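Working notes for the structure below.
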Amino acid sequence: DAKTTQPNSMESNEEEPVHLPCNHSTISGTDYIHWYRQLPSQGPEYVIHGLTSNVNNRMASLAIAEDRKSSTLILHRATLRDAAVYYCIPQGNSGGSNYKLTFGKGTLLTVNP
Amino acid sequence: DSGVTQTPKHLITATGQRVTLRCSPRSGDLSVYWYQQSLDQGLQFLIQYYNGEERAKGNILERFSAQQFPDLHSELNLSSLELGDSALYFCASSGSGQPNEKLFFGSGTQLSVL
């Protein structure tokens, strides 16, 4: 599994954009980059995933570096409900043990009112 | 609501005992995953089933076993429980269990071993 490096914690203010970085320098060419988040006392929740191009959905945007060694999850306007641990997870596409998602320690995002 | 149902929500038991955790996947999902979350180890993948068959195995102890039944619900059996088995156990499901599918997680079972 590709190793990831994320800040332990980040802080943001409500209504402001948040950029959550992730380094995954050992990612292979076929690994997708997934982002999940875990709100307090809940199970993880899918946020977004992508391979090479930037991706957008109703929750967030994912910006992937051209060399794919890093990515950034962008929350365009943080709300109090976005306070959670955010996990960046490279996942292989070739089957076998790559079916599993390997969660690291993630980034704890605090949103101030 | 993710559509994944886990029961019970809380379980308190003693060392040496055996417990069964139950998971009902989202309607139509064929694949089930089990994860363990403890304070010191984070979220650890245990095992994955697809349509009744084991598909991938992670850091699952020999004292733990799981199965997926014909109606696609899954059970995780934990035996000879130790204090260190106290954790949150999550079940997740996905459509066909292929890489890059979204996983939908349940709200977990909190196991306390005293």
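Residue numbers begin at 1 in each chain, while the letters A, B, ... track the order of the sequences. Note that the structure is predicted; figures quoted are calculated from it, not measured.
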Is there a path of hydrophobic side-chain contacts, each under 4.5 Å between heavy atoms of I/L/V/M/F/W/Y residues, joining B:L30 to B:Y35?
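B:Y35 does not cluster with B:L30.
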| Linking I/L/V/M/F/W/Y whenever any side-chain heavy atoms sit under 4.5 Å apart, do A:Y46 and A:W35 land together? | no
In terms of heavy-atom pairs under 4.5 Å with chain A, the winner among B:I47, B:L43, B:L88 is B:L43
_Less than 4.5 Å to any heavy atom of chain A: does that hold for the side chain of B:E101, its backbone, both, or neither?_
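Backbone only.
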Q: Answer with yes or no after comparing the ring centroid distance for B:F45 and A:F103 against a 6.0 Å cut-off, counting only values under it.
A: no
Take atom [atom1] in [X]; do more than 12 heavy atoms of anything else shown fall under 6.0 Å from it?
X     : atom1 : result
B:D71 : CG    : yes
A:L39 : CG    : yes
A:R77 : CZ    : no
B:L83 : CG    : yes

#### Entry: Min side-chain heavy-atom separation A:H34-B:K102 under 4.5 Å
no
To the nearest 0.5 Å, what is the distance between [atom1] on [X] and [atom2] on [Y]?
X      : Y      : atom1 : atom2 : value
B:Y33  : A:L101 : OH    : CG    : 7.0 Å
A:Q42  : B:F90  : CD    : CZ    : 9.0 Å
B:L103 : A:Q91  : CG    : CD    : 8.0 Å

Given B:F105 and A:Y36, is the side-chain contact (heavy atoms from CB on, under 4.5 Å) satisfied, shown in steps? CA-CA 11 Å; B:F105 283 79; A:Y36 280 74; 4.1 Å; yes
